[in-house]
Amino acid sequence: MIGFLARLGRQGIDRVASLGRFGQMLFAALLAKPEPLVMLPLLIKQLYFVGVLSLVIILVSGLFIGMVLGLQGYTILVDYGSEQAVGQMVALSLVRELAPVVTALLFAGRAGSALTAEIGLMKATEQLSSLEMIGVDPLRRIIAPRFWAGFISLPILSAIFAMVGILGGALVSVEWLGIFEGSFWANMQNAVDFREDVLNGLIKALVFGVVVTWVAVFQGYDCVPTSEGISQATTRTVVYSSLAVLGLDFVLTAVMFGDL
Amino acid sequence: MRTRWIEVLVGMFMMLGAVAVLGLALNVSGLNLSQGDDTYTVYARFENIGGLTERAKVTLSGVQIGEVGAITIDTERMMAVAALNIYAEYNFLSADSSAQILTAGLLGEQYIGIGVGFEEDVLKNGDYIQDTQSALVLEDLIGQFLFNKVSE
Amino acid sequence: MSVIQNDDAIVEIRDLCFSRGRRAIFKGISMRIPRGKVTAIMGPSGTGKTTLLKLIGGQLKPDSGSVLVEREDVNRVSRSRLFEIRENMGMLFQSGALFTDMSVFENVAFPIRVHTSLPDDMVRDIVLMKLNAVGLRGAHELMPSELSGGMARRVALARAISLDPDLVMYDEPFAGQDPIAMGVLVKLIRSINEALGHTSIIVSHDIQETLGIADYIFIIADGYVVAEGDVESLRANQSEQVQQFMKGLPDGPVPFHFDKAELVTELGIERGGQ
C-alpha cells in the first residue's frame, strides 16, 4: 500500500516535472532571438496545415450551428412576440460562446490530434533526436512554428465561424421565416458591443488556441515513442484540451461577462 | 511551386479572417468608425438618472444622434451630470433644447431623448442643457399615486 | 586487458551511472575513446548501447558521473553550447531517421543549410559529393519513403558526414540489413573513416562485421564494461563472459547467446526465491 502510494506520488512528481521542463524549454524556444528568414516559411507551412485545412469543417459547422440557432431562437421567441430579437440572440450566443468554444473543440479534434500524431511519429522515428544531433533545437524548428500557427489560427477560425454562423442564422430567419431584414440586423447591432462581445470572444479564442496547441504539442513531444503510445497521446490531446477549453470557458466567461 | 501555392492559400486564409473580424465589427456590433471620434460634448444635470448607463443612446425624434459618455456627480448641487457625446453632423441643436431620460418599451433600456427648442443660438462643446427631466422611477410613481388616492 | 596509453581521447566517460525508471542501465562505467580510430561498443541487446550514444550526445542526462567530449562536459555546458558541440558530431540512427517531409537531397543538405551560409550551388556540390560517397548520387530526387532500408541508412550516413564532423556515431548500422547491404555499409564506414580521418563509434551486436573494422572494442554487459582492447587481445582474453561472447563468432551474424544464459540464471534465482 505504501509502495503504491509512493509510486503514485513519484509518478505525479515526474509528470509535473516534465510539464515544467517542457514549459521552460518552450518559452526559451519561443522567446529566443527570432530568425524570420528561417522561421517564416516554417510558420506559413504550419498555418496551412493547421489553419487552411481546418477551414472546411469550420465553415460547414459554423453555417449549420448558425442555422439551428436561428430556427430554435425563432420558435422560442415567437411565443413572446419578440421574434425580431432572433438576430441578437444568434449573434450574442455565437460571438460570446459558441464560436470560440466550438471552434476550439473542432480544432482540438482536427488539428490538435494531427499535431500530436505528427510530433509523436517524429519522435518514434528518431527524427527529433536526429535534429538534436545535427545541432538544431527541435523545439525551435518543430515545436515553435506549430505552436505559433495554432495561436494565430484559432482566433481567425473563430471569427470566421461566428461570421458564417450569423449569416446562416440570417438565412434561416430572414429568408425562410420571414423576419424583417432591417430589424434583424438593427436589433443585433444594438445588442452586440464590439469591445464587450466581439473582442472578448476573440480573446477567448486566443486563450483556447494557446491551450489546445500547447496540450497537443506537449502530448506529442512527451509521448511514449511507440505506435500504442502515439495513439494514446492523440486521444489524450483531444480529451485534455476539450476539458481544458470547457473549464477555461467558464472561468473566462465569469471574468468577462459576470459582474465579479 | 507547391510552396508558392501554400503561401497564397495562407494569405487568403488571413484575409478571410480579417474580413470576418471586420464583418463582426461593422455589421454585427454596429461599430461605426467614422463617427467614433468626431463628436462634441454637451452636459445635462439630472435629479435622478435611474438606470441610464454609459454608451446609452442619445436620440432626437427617435434618431440616434450620439451616445452618453461619462456620468458623474456635481458635488455643489448634488446632482448627476451626464456627458452627451453628440455626433458632429448634428450641430444645429438650439441652446434651449431639453433632455429627457426615456425608457425603450415598458422594461427596456433607458436612453436620452432631446427635445428641440426655439432659440437661434445652438449648443456648443461644453454647454449645459438647462431643461432636463429625470428618469421615471417606478417607486416614486406608485408613491405619488397612493398619496393622491389618500388625499382624494 | 590492455588500457589505452594514448592520452588523446576525443570522448571520455567517467564513472557513469544511468537508470531508466527503476532499472539501472549503467552502474558506473568509464571509457576513453581514442581519436581517429574506429571504436566499437558491443554487448547484447538491452544493455543500453544506444543509450550510451545518447549520453555522449548530451540527449540524456546521467544520474552521476560525467561525459566529456573534447574535454567539455556535455551535461555542464549551456544548451546553446551543447548544440555547438553537436555540430561536430554526426550520428547515424538505427532507423535512419531521415526527415520524411524532405527529399534525399534536402535531407543531406539540411545540416549544411542550417549551420553554414554557403551559396546554393556550393551546397549542391557538397551534397552530391556526399551522396556519391555512399553511392546514391542518382537517388537525390527521391523521397525517403521511396528508399529501401539499406539505401535509407546510406542516405542517413551521407547526412551524418555532410558537415565533416570529428566524431561519427553509428547506432546498430548493420541491424536488419541483407548481407550485401551489410557488406556495403562495412566498407563505407571503414573507407569514410580513413578518407575523412574522423573518429567513429560503432554500437552493434553484429560481431563479425564489427570486429572486421574496429580498431578498439569495449564489451558492455550488466551495466559494466566487462572487457576492452583491440581484437587480438580480446580473442586472447580468458574471462568467461568474453569467451562466451567470442564463441558466438563462428556462428556468424546471429546474435550471441549471452542473453539466454542471463535469463536462465535470473529465472533460477526467482524460483529459488519463491
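In the text below, chain A, chain B and the rest are named by the order of the sequence lines, each starting its count at 1.
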Student: Side chain, backbone, both or neither: which part of C:Arg113 has a non-hydrogen atom closer than 4.5 Å to chain A?
Tutor: neither

Student: Within the 4.5 Å heavy-atom criterion, are C:Phe83 and A:Met133 side-chain neighbours or not?
Tutor: no

Student: Can you name the nearest heavy-atom pair linking A:Leu131 to C:Phe99, along with the distance?
Tutor: CD2-CZ, 3.5 Å

Student: Ignoring hydrogens and geometry, is there a side-chain-to-backbone donor-acceptor pair from C:Gln59 to A:Ser129 under 3.5 Å?
Tutor: yes

Student: I need the residue from C:Arg159, C:Met89, C:Met169, C:Glu84 with the largest number of non-hydrogen atom pairs under 4.5 Å to chain A.
Tutor: C:Arg159

Student: Name the region of C:Thr100, side chain, backbone, both or neither, that has any atom closer than 4.5 Å to a heavy atom of chain A.
Tutor: both

Student: Would one find more than 12 heavy atoms of other residues, nucleotides or ligands at under 6.0 Å from atom CZ of C:Arg137?
Tutor: no

Student: If I measure from the heavy atoms of chain A, does C:Asn107 come under 4.5 Å with its side chain, its backbone, both, or neither?
Tutor: neither

Student: Is it true that a side-chain atom of C:His115 and a backbone atom of A:Ile134 form a donor plus acceptor pair closer than 3.5 Å?
Tutor: yes

Student: Evaluate whether atom CE of C:Met102 has more than 12 neighbouring non-hydrogen atoms of other residues, nucleotides or ligands under 6.0 angstrom away.
Tutor: yes

Student: Please evaluate residues A:Val136 and C:Arg86 with respect to the criterion side chain to side chain contact (heavy atoms under 4.5 Å, CB included), reporting the C-alpha separation (whole Å), side-chain torsions for both, the decisive distance (0.1 Å), and the verdict.
Tutor: CA-CA 9 Å; A:Val136 175; C:Arg86 283 178 185 158; over 6 Å; no

Student: Which answer fits A:Leu139, side chain, backbone, both or neither, if we ask what part of it has an atom under 4.5 Å from a heavy atom of chain C?
Tutor: side chain

Student: What part of C:Leu98 gets within 4.5 angstrom of chain A, counting heavy atoms only: side chain, backbone, both, or neither?
Tutor: backbone

Student: Look at atom CZ of C:Arg81 and say whether more than 12 heavy atoms of other residues, nucleotides or ligands are closer to it than 6.0 Å.
Tutor: yes

Student: Determine, for A:Lys45 against C:Asp101, whether the closest basic-nitrogen to carboxylate-oxygen distance falls under 4.0 angstrom.
Tutor: yes

Student: Is A:Asp14 in contact with chain C via its backbone, its side chain, both, or neither, using a 4.5 Å heavy-atom distance?
Tutor: neither

Student: Does A:Arg141 reach the side chain of C:Val114, with side-chain heavy atoms less than 4.5 Å apart?
Tutor: yes

